[in-house]
Amino acid sequence: MKELEKTYDPSQIEDRLYAEWTARGYFAPNRPGKPTYTIVIPPPNITGQLHMGHALDNTLQDILIRYKRMQGYDTLWLPGTDHASIATEAKIVEAMRKEGLTKEDLGREKFLERAWDWRKKYGGRIVSQLKKMGSSCDWDRERFTLDEGCSKAVKEVFVRLYEKGLIYRGERIINWCPHCRTSISNAEVNYEEQKSHFWHIRYPLVGGEGYLEVATTRPETLLGDTAIAVNPADERYKHLIGSYCVLPLVGRRIPIVGDEHAQLDKGTGCVKITPAHDPNDFEVGRRCRLPMEVCLTPDAKITDNYPKYAGMDRYEARKAIVKDLEEGGYLVSIEDLTHEVGTCYRCGTTIEPMISLQWFVRMEPLAKPAVEAVREGKTRFVPDRFSKNYFHWMENTQDWCISRQLWWGHRIPAFYCDDCGEVKVTKEPSCLCPKCKKEMRQDPDTLDTWFSSALWPFSTLGWPDETEDLKRFYPTQTLVTGYDIITFWVSRMIFSALEYTGQTPFDTVLIHGLVRDAQGRKMSKSLGNGIDPLEIIDKYGADALRFALATGNSPGNDMRFSDEKIEAARNFNNKIWNAARFVMMNLDIGQVELPPAEKLETEDKWILSRCNAIAGEVCENLDKYELGVALAKLYDFLWSEFCDWYIELLKPRFADKGSASNVVAQNVIAYVLRQTLKLLHPFMPFITEEICAHLPQMKGKAEESIMVSDYPAFDPALSFPEDEERMEKLIDLIRAIRNRRAEMNVPPSKKAHLTVVSDRPDLYGEKTTKFFLKLAYCADVTYASSFEGENTVQVVAGSAVGYMPLGDLVDLEKEKKRLESEKERVENEIRRIEAKLANEGFVSKAPAAVVEGERAKLVKYKETLGKLNEAIAKI
RNA sequence: GCAGGCAUAGCCCAGCUGGUUAGAGCGCUACGUUGACAUCGUAGAGGUCAUUGGUUCGAUUCCAAUUGUCUGCACCA
């Protein structure tokens, strides 16, 4: 038997195994006809580097796909990347800036060349990083949101929606990022608390003595004011509706209008209206037919219409205008205020609401069926509470601004005639004006990245064509993603899929939380507290990283990543490794065959039964997406039951070379180890594969790789409840003896005589002696139905009393006290249970199994109480 | 403002549809090493399961309120 190294060294193993798996085509099992299980990857940005969020997301997906693959499903994990228009373009622009170049210098074509070069250079980076994680994606089907197929789908969708009237072009207030120089959707705005002021300003009335006072957080937009609104029911001002005031500093006459937007009980009741730079004011402007006055340029500077401030940045202008207002006697007061300000989710710049001609998706008709589908359970969120988020967003969503003033992305397939203004939307790359027959000009803008991501589950499978893949793998089963991306992506995939394919794109959305740092803070570049998964892999291995991320992690909840966690994971790897080393050192059989039940010892049946039970539970947990729970069970089973007990119990048998019992032990332990490794494989693919490759094969069932072996399932033939009970009793007694010795500070080197008194000869006898000798530090063991002796320590557990003469170490008084306090505890338990059983309500209403359980406990406690009395009487 | 999450051992967290002697890991204490593993073993200390009510035969678990904390969404003239 080839020997394993003493400590596990993942770096020697992982890349080699990954290459082997790839070469053998294991990632794409190709089992047409079998039930399918499909996951599409949330495509990482091509600009991105693998971070802990990706690591968690992909660990969970890989666990699921490996599990289903081992269960025999026709699995597909479809990988790919996202062109990430705004993020990528920003990076390229930034790189160009360093060369002293702007987009305009280069022109669209040259710029796009650079972008594709960028993609070529960096798009592969994240992919190779995913591979380091062990991600078993079908790389032959890798896709890109801007590739030919996805582009085809995007055009198809755009044209269809346009023809249905669900996409329209119009002038609306949109969120404008002055830094990225593009519109962004509502979903892409983050609100941040900022300290600011309320400036109270007087607007003099025309043809009168008085003035109206308004308060604003944005005095610079005063330049764009085209009215003052008051509530039509406001007794203070309603007589003024229809008259005018003078716009301070500008001198323009602006009307006083009546509109519900102005509330009676808020501020002074008067509101300045800037229709071109505020969404609410825009609506007021529409209702009152006010002119739009644009006073800010796309880079948030004052327009040339206001020469005094022209070219000033919005904040500069604010200062200047406040100063001028003050000097002109218009400024009444300044009030401190903290308020939420919209910022660009990409660059953090404060967004500027602006009136702009953009393309929109009409959301209401799309949102309705999407809400219905989830309500009817066609797609299920795990955990369920996230469906509430989803409903809330879907039911309140406004039209989606999809055009972006960027070059890197899907160009909007709309064409304009410069002569007659005709608009045509077509999948063709160019077209002639249907009226003037002149070449039309394509819209220069591109689409929101999320527009193409929304089609990902079906565009990647060939839609709009009825491809074999689409038929075979769509709709998909599970989508795994973080809660931060439900609105951006998940909800849009659902309504898109319903609209174009008539089906929800996936059955289940498994939501995970954020990976935070050890102090619970969000990992961020500015804090510099990010942990690089690749460094973790280098140091501890991918399996350790995966274990640290998966264990104890429950759906939807954030988790902390810490040194302790990754060290615990590394230790577990090492534990598995060494358990395997031990097993192999003791094997001399060429292949493994599970002996018939009658040849098995109690401990063999116990471990087989436990392993089998765990297999059943793990499958159940995995089916319910309780991956963290499943892994924790495997951890406990392997470390506690397999290593701490079964291996220790077997040591005497392994020492007895050549015996029949030794051979049985070899077969059982090799079998259980293999089963356990299989159960663990989806979580920790590398170490399990490496060890399995060194283990002898099962007779007649040789497996090429653990990756393509069958996942264990509960097998009634391997369930031995009586032997489980028997072992548990034995373990209880051994534990109790160790416990007693430890309490009395008896070193392991001091061996004691043990007399086991029990009326259960089936539990204790010749066969158990070796265990007491080895695990309970006994010199020898005798079994009896009664015991007469003095100066002995008495241990009550597992339906037996153990007597150990420990000579001078025994303090009889102390011993008696201990036994009595133990007795008291047991008596309390008995009282509690008896009271419960005497309760008419409990007996009649509680389920029979629970009542039976309580009765069984009572019997057990009474038995223990009897033993304790017996022991106390001896003192 | 609206909605939602979380509150369990010194720390970090499990505990799935109510019935457990409330659990792991880390840390701490004591003991232990010539052959699987010190990246280890044995044992121990440590919890009124945030508070208050309610439902129930029975509540850490379900409901309500309160407090603290975090997150979405909205508004902010």
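Note that these values count all heavy atoms, side chains included, but never hydrogens, waters or copies made by symmetry. This is a predicted model, so every value here is computed, not measured. Chain letters run A, B, ... following the sequence lines, proteins first and then strands; every chain starts at 1.
Taking the side chain as every heavy atom from C-beta outward, A:Phe547 and A:Tyr635 approach each other to under 4.5 Å. With a 4.5 Å cut-off on side-chain heavy atoms, A:Ser799 and A:Lys729 count as touching.
Phosphate contact (OP1/OP2 of B:G44, side-chain N/O of A:Asn739, threshold under 4.0 Å): present. Distances shorter than 4.0 Å separate none of the side-chain N or O atoms of A:Arg741 from OP1 or OP2 on B:C31. OP1 or OP2 of B:A14 sits under 4.0 Å from a side-chain N or O of A:Ser554. Between A:Lys565 and the phosphate of B:C13, there is no side-chain N or O to OP1/OP2 separation shorter than 4.0 Å. A sub-4.0 Å separation between OP1 or OP2 of B:A38 and a side-chain N or O of A:Asn574 is absent. An OP1 or OP2 oxygen of B:U39 is reached within less than 4.0 angstrom by no side-chain nitrogen or oxygen of A:Trp577. In this structure, A:Lys575 reaches the B:G41 phosphate: one of its side-chain N or O atoms is under 4.0 Å from OP1 or OP2. Using a 4.0 Å cut-off, some side-chain N or O of A:Arg738 falls inside it from OP1 or OP2 of B:A43. Regarding contacts with the backbone of B:C76, a side-chain N or O of A:Asn280 is found under 4.0 angstrom from either OP1 or OP2.
Annotation: B:C49 and B:U39 have their C1' atoms spaced 33 Å apart (nearest Å). Comparing B:U55 with B:A64, their C1' atoms are spaced 10 Å from each other, to the whole Å. Comparing the same atom, C1', in B:C12 and in B:C26 gives a spacing of 8 Å after rounding to whole Å. The C1' atoms of B:U51 and B:U8 are separated by 15 Å, rounded to the nearest whole Å. Remark: the separation of the P atoms in B:U17 and B:G54 is 24 Å, to the nearest Å. Rounded to the nearest Å, the gap between the P atom of B:U42 and that of B:A24 is 12 Å. Straight-line distance between the C1' atoms of B:U34 and B:G46: roughly 37 Å, to the nearest whole Å. B:C6 and B:C13: their C1' atoms are spaced 12 Å apart (whole Å).
A:Lys522 places its NZ atom 7 Å from the P atom of B:U71, with the value rounded to the nearest Å. Whole-Å rounding puts the A:Asn573 CG to B:C37 P distance at 17 Å. Regarding A:His200, its NE2 atom lies at a distance of 13 Å from the C1' atom of B:C76, rounded to whole Å. Taking atom CG of A:Asp644 as the reference point, atom C1' of B:U39 lies 15 Å away to the nearest angstrom. Per the geometry, CE belonging to A:Met394 stands 15 Å off C1' belonging to B:C73, to the nearest Å. Between A:Ile511 atom CD1 and B:G72 atom P there is a gap of 15 Å when expressed in whole angstrom units. A:Asn396 places its CG atom 14 Å from the P atom of B:G4, with the value rounded to the nearest Å. As a whole-Å value, the separation of A:Tyr191 OH from B:G1 C1' is 15 Å.
A:Tyr777 has its ring centre no less than 6.0 Å from the ring centre of A:Phe772. Remark: aromatic rings of A:Tyr191 and A:Tyr345 are distant, center separation not under 6.0 Å.
Aromatic ring pairs are classed by plane angle as parallel below 30°, tilted from 30° to 60° and perpendicular above 60°; the pair A:Trp639 and A:Phe572 is parallel. Aromatic ring pairs are classed by plane angle as parallel below 30°, tilted from 30° to 60° and perpendicular above 60°; the pair A:Tyr483 and A:Phe386 is parallel.
Heavy atoms of A:Thr217 sit under 4.0 angstrom from primed sugar atoms or phosphate atoms, though from no base atom. Within the 4.0 angstrom heavy-atom criterion, base atoms lie near A:Lys651. A:Ala579 comes within 4.0 angstrom of a base, heavy atoms only.
Nearest nucleotide to the A:Arg385 side chain, out of B:C13, B:G4, B:A74: B:G4.
For the pair A:Lys575 and A:Phe642, the cation does not sit on the ring face, since its NZ or CZ is not both under 6.0 Å from the ring centre and inside 45° of the axis. Figure legend: cation-pi geometry between A:Arg202 and A:Tyr211, with NZ or CZ positioned under 6.0 Å from the six-membered ring centre and within 45° of its axis. Both the sub-6.0 Å distance and the 45° axial angle are not jointly satisfied by A:Arg218 relative to the ring of A:Trp199.
Considering all non-hydrogen atoms of both residues, A:Ile321 and A:Glu220 come closest at CD1-CA, 3.8 Å.
With A:Arg492 contributing its side chain and A:Phe488 its backbone, the two residues share a donor-acceptor pair below 3.5 Å.
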In dot-bracket form, 5' to 3', how is RNA chain B paired? Count Watson-Crick and G-U wobble pairs only if both distances fall under 3.5 Å, and write | where the partner sits on another strand. (((((((..((.(.....[...).)).(((((.......))))).....(((((..]....))))))))))))....
Generate the contact string for nucleotides 17-30 of chain B. Rules: B means base contact, S means sugar-phosphate contact only, - means no protein heavy atom under 4.0 Å. --BSB---SS---S
A:Asn186 and A:Gln398: side chain to side chain donor-acceptor pair (under 3.5 Å), yes or no, with the steps? CA-CA 8 Å; A:Asn186 295 346; A:Gln398 290 166 331; 3.0 Å; yes
